[in-house]
Amino acid sequence: MRKIIIDTDPGQDDAIAILLALASPEDIEVLGITAVAGNVPLALTEKNARIVCELAGRPDMPVYAGCDRPLAHRLVTAEHVHGKTGLDGPVLPDPTMPLQDGHAVDFIIDTVRNHPAGTVTLCPLGPLTNIASAINKAPDIIEKIQEIVLMGGAYFEVGNITPAAEFNIYVDPEAAEIVMKSGAKITILPLDVTHKALVTRARNDAFRDIGTPVGIAVAQMTDFFERFDKEKYGSAGAPLHDPTVIAYLINPDLFTGRYINVEIETQSALTRGMTVADWWRVTDRAPNAYFIGDLDADGFFDLLTQRLARL
Ligand code: BDR
Ligand code: CA
């Protein structure tokens, strides 16, 4: 059983990750959800997080708003992928549950401090601005965090927002660098694995066939989200990036990776936000992350579909 904070910028794939976590109480206790600017601006990501909690029947879930822009640069968003709202596809009602008072960064700090050391896992699914801000403000939390399991970066797949960089890292490379150098235990789910978690037609039908509001909404989200990757990569369907983080927590045996050194490029105009991953161990730089490379895609989709059917 893991206690987690989901730090997120929903995003259809973020939404499905949140739903998977909330559908898995025997494996995961979600202590709260913290929103960050990323796929769309903060006012939409915090709203979308609340929409998703209500869809899951969890209006009691604490949702906090965090940083509205990256540490050092202007915000880059991804409406071209996720649509104007960030959650285009299904028509879902505006949330009535409240946004919590207080800042997401303080919620992260207080939650880690108020739990026994090694019992809170952070799950960043967007740019790392909130997490880096918490580390900067309260470095004492680093050794208390059980693990940071994040979606971001790539090695073999290189980039999706630029030829060299994956979106979450590209939006705030300075934040990513702080996290990677923090010394916390880190697991990374990069594009190398998420581009193997593709919603084929049969997998989308399986979501829709659940027949519940959650199953139908998830099918509509992936219907919308898939057009971008199909056009760009010629792939079979939408890559479910962020749900891999939650699936990894539930069943790490579905995934394989390597413990390696990962550094973030923050300087070069051409490769800013690149995750320089020493997959082949050709440097003597110390390993700082477990970098996932592959997954059992059928096992992942079976788990996801079974769990979503519970909501
Ligand atoms: C990541 O960027 C966002 O568009 C997705 O939600 C995911 O977190 C993939 O590069
Ligand atoms: Ca995301």
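Note: hydrogens, waters and symmetry copies are ignored here, and every other heavy atom, side chains too, is used. Order of appearance sets the numbers: ligands from 1, and atoms from 1 within every ligand.
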The atom of D9 among N, O or S that is nearest the Ca ion (ligand 2) is OD1
Establish, from distance only, whether the side-chain atoms of E166 and T275 form a donor-acceptor pair under 3.5 Å. no
Are any of the N/O atoms in N168 less than 3.5 Å from those in ligand 1? yes
Considering only non-hydrogen protein atoms, determine which one is nearest to atom 3 (C) of ligand 1 and report residue, atom name and distance to 0.1 Å. N39 OD1, 3.1 Å
Looking at ligand 1, is there an atom of it that comes within less than 4.0 Å of some heavy atom belonging to V81? no
Which part of N160 is near ligand 1, with near meaning a heavy atom under 4.0 Å away: side chain, backbone, both or neither? side chain
Of the backbone atoms (N, CA, C, O) and the side-chain heavy atoms from C-beta on, which set of L125 has a member under 4.0 Å from an atom of ligand 1: side chain, backbone, both, or neither? backbone
For ligand 1, does H82 get within less than 4.0 Å through its side chain, its backbone, both, or neither, judged by non-hydrogen atoms? side chain
Protein contact of atom 8 (O) of ligand 1 - nearest heavy atom, named by residue and atom, plus distance: D242 OD1, 2.7 Å
Working note: R201 + D223, criterion salt bridge (Lys or Arg N to Asp or Glu O under 4.0 Å); need CA distance, chi angles, decisive distance, verdict. CA-CA 9 Å; R201 189 47 38 203; D223 272 342; 3.6 Å; yes
ILVMFWY network linking I292 to L303, side-chain heavy atoms under 4.5 angstrom: yes
Going by the order shown, which atoms of ligand 1 are within less than 4.0 Å of some heavy atom of D13? 5 (C), 6 (O), 7 (C), 8 (O)
Assess the side chains of D7 and T34: does a donor N or O sit below 3.5 Å from an acceptor N or O? yes
Going through the distances and angles, do E174 and D172 end up as a side chain to side chain contact (heavy atoms under 4.5 Å, CB included)? CA-CA 6 Å; E174 285 75 17; D172 200 342; 3.9 Å; yes
G126 backbone or side-chain N/O/S under 3.0 Å from the Ca ion (ligand 2): no
Atom name of the N, O or S atom in D242 that lies nearest to the Ca ion (ligand 2): OD2
If I compare all heavy atoms of I260 with all of A277, which pair ends up nearest, and what's the gap? CD1-CB, 3.9 Å
Ranked by distance from atom 10 (O) of ligand 1, the top protein heavy atom is E166 OE2, 2.4 Å
Verdict with supporting geometry, R50 and E54, salt bridge (Lys or Arg N to Asp or Glu O under 4.0 Å): CA-CA 6 Å; R50 289 182 293 136; E54 290 191 357; over 6 Å; no
N130 and side chain to side chain contact (heavy atoms under 4.5 Å, CB included): which single residue from I108, T8, I135 fits? I108
